[in-house]
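What you see below is based on every heavy atom in this structure, not just the backbone, and it leaves out hydrogens, waters and symmetry mates.
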Amino acid sequence: MALTSGISEMISHHQCMKMDRTIYRPFSRQGWGQRRADAVTRVQAVAAEKTDERQFSAFDRVSVLSEALPYLQKFRGKTIVIKYGGAAMKDESLKARVVTDLALLATVGIYPVLVHGGGPEINIWLGKLGIEPNFKNGLRVTDADTMDVVEMVLGARVNKSLVNLIQQAGGQAVGLCGKDNDTILARQMIEKDIGFVGEVTSVNADLVESLTKQGYIPVVATVASDGKGQALNVNADTAAGEIAAALKAEKLILMTDVPGVLHDKDDPDSIYAELSIRKCNELVEEGIIAGGMIPKVDCCIRCLSQGVSATHIIDGRQPHSLLMELLTDEGVGTMITG
Ligand code: ADP
Ligand code: MG
């Protein structure tokens, strides 16, 4: 039941794409700015009108499925590492849609691996416990109490809620954190004086890989081990990138709360559809890529040099952005290429 509703959602969405293809396709990848946003708005309006899926003929449905066939064939048996950011995880109904897309991918034989952050939820729980969040140069200062909260919130609350949502969507998910089977080992960055914050030193992807091969969707909370019993807080983008590299994943997809890499942070039209590694470095130097976007482009660059074929930064708030990236010609967000 959950599977059929997932597929019918995909069908409905693809069908809307087809209707608007005349507007949509010419702007794929380059110069699509406002017109692309308009197309998406129109697609969503059509989708809202077509609430009754019986409005699509049986032929419409099979045509859309058939269009997805080359992509399904391309990615079948391939690993796709998806990082879902805290900032884009605030909306519960959107979270449910994202995990339904994951369940769909697993059902058709693709191996999705979900790596998640959870900054906003950590702040909520720090607040409930009367612990002031403390940042130094944009990085969270993680004292012992804060580390306990990070581990409990990421490894339990956020992780298990995602696992539960995937199960509800008809998928099979197993939640783990970086400590399980030393999936993520890290070194405390003592020199930065920000407490229990680590940089990833190694990834053991055996457990994650064996879960995917058995049809489970691994859901990884990015709490690392220092190998001596201490938990360390690591950046979830970096950890996802290292996991993708260790798995020799086909793609790394970072889902966040912006449309992609923007030239002007406040202007969604200024999106870069495609960026080379050299251009990324220039934009970081110019300060155009800043804050939480820096670890994202850094880990994409590292992944590309370690054999991951493609890396994307996409909008986790846009319904079905994941399926649009994977199963249609229309690229969404920013693709970083080697
Ligand atoms: P996540 O929880 O997904 O990791 P972050 O807040 O860490 O989210 O990173 C995404 C943020 O990066 C955006 O919300 C935006 O404020 C910031 N950012 C900085 N530079 C850029 C840029 N050039 N384009 C888009 N976003 C940027
Ligand atoms: Mg971040």
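Judged purely by atom type and a 3.5 angstrom limit, Ser63 uses its side chain to pair as donor or acceptor with the backbone of Phe59. Panel note: side chain Glu209, backbone Leu247; no donor-acceptor pair is recorded below 3.5 Å. No donor-acceptor pair under 3.5 Å is formed between the side chain of Asp148 and the backbone N or O of Asp145. Judged by distance alone, with hydrogens and angles left aside, the side-chain atoms of Thr311 form a donor-acceptor pair with the main-chain N or O of Ile336 at under 3.5 Å. Within the 3.5 Å criterion, the main-chain N or O of Pro120 finds no donor-acceptor partner in the side chain of Asn123.
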Please list every donor-acceptor pair under 3.5 Å in which a side-chain atom of residues 152-162 meets a protein atom from a residue at least two apart or in another chain.
from	atom 1	to	atom 2	distance (Å)
Arg157	NE	Glu121	OE2	2.8
Asn159	ND2	His116	NE2	3.1
Asn159	ND2	Leu176	O	3.4
Asn159	ND2	Val219	O	3.0
Lys160	NZ	Gly175	O	3.4

Show which side-chain atoms of residues 184-197 pair as donor or acceptor with protein atoms under 3.5 Å away, not counting sequence neighbours.
from	atom 1	to	atom 2	distance (Å)
Arg187	NE	Glu199	OE2	2.9
Arg187	NH1	Glu191	OE1	3.4
Arg187	NH2	Glu191	OE2	2.9
Arg187	NH2	Glu199	OE2	2.8
Gln188	NE2	Gly195	O	3.0

May I have the list of side-chain donor-acceptor pairs in residues 231-239 shorter than 3.5 Å, sequence neighbours left out?
from	atom 1	to	atom 2	distance (Å)
Asn235	OD1	Asp237	N	2.8
Asn235	OD1	Thr238	N	3.0
Asn235	OD1	Thr238	OG1	3.3
Asp237	OD1	Lys83	NZ	3.0
Asp237	OD1	Lys296	NZ	3.1
Asp237	OD2	Lys296	NZ	3.2

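The stretch residues 280-293 participates, sequence neighbours left out, in these salt bridge (Lys or Arg N to Asp or Glu O under 4.0 Å) pairs: Lys279-Glu282.
For the 3.5 Å distance criterion, the side chains of Asn181 and Thr183 fail to qualify, holding no donor opposite an acceptor.
The salt bridge (Lys or Arg N to Asp or Glu O under 4.0 Å) search around Arg140 returns none, not counting sequence neighbours. Scanning for side-chain contact (heavy atoms from CB on, under 4.5 Å) contacts around Lys128 gives Ile124, Trp125, with sequence neighbours left out.
Between Val113 and the choices Ile80, Val208, Leu102, the side-chain contact (heavy atoms from CB on, under 4.5 Å) rule is met once, by Val208.
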Trace of the side chain to side chain contact (heavy atoms under 4.5 Å, CB included) decision for Ile301 with Leu304: CA-CA 5 Å; Ile301 292 171; Leu304 289 167; 5.6 Å; no
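The 12-atom threshold is exceeded at CZ of Arg317, counting heavy atoms of other residues, nucleotides or ligands nearer than 6.0 Å.
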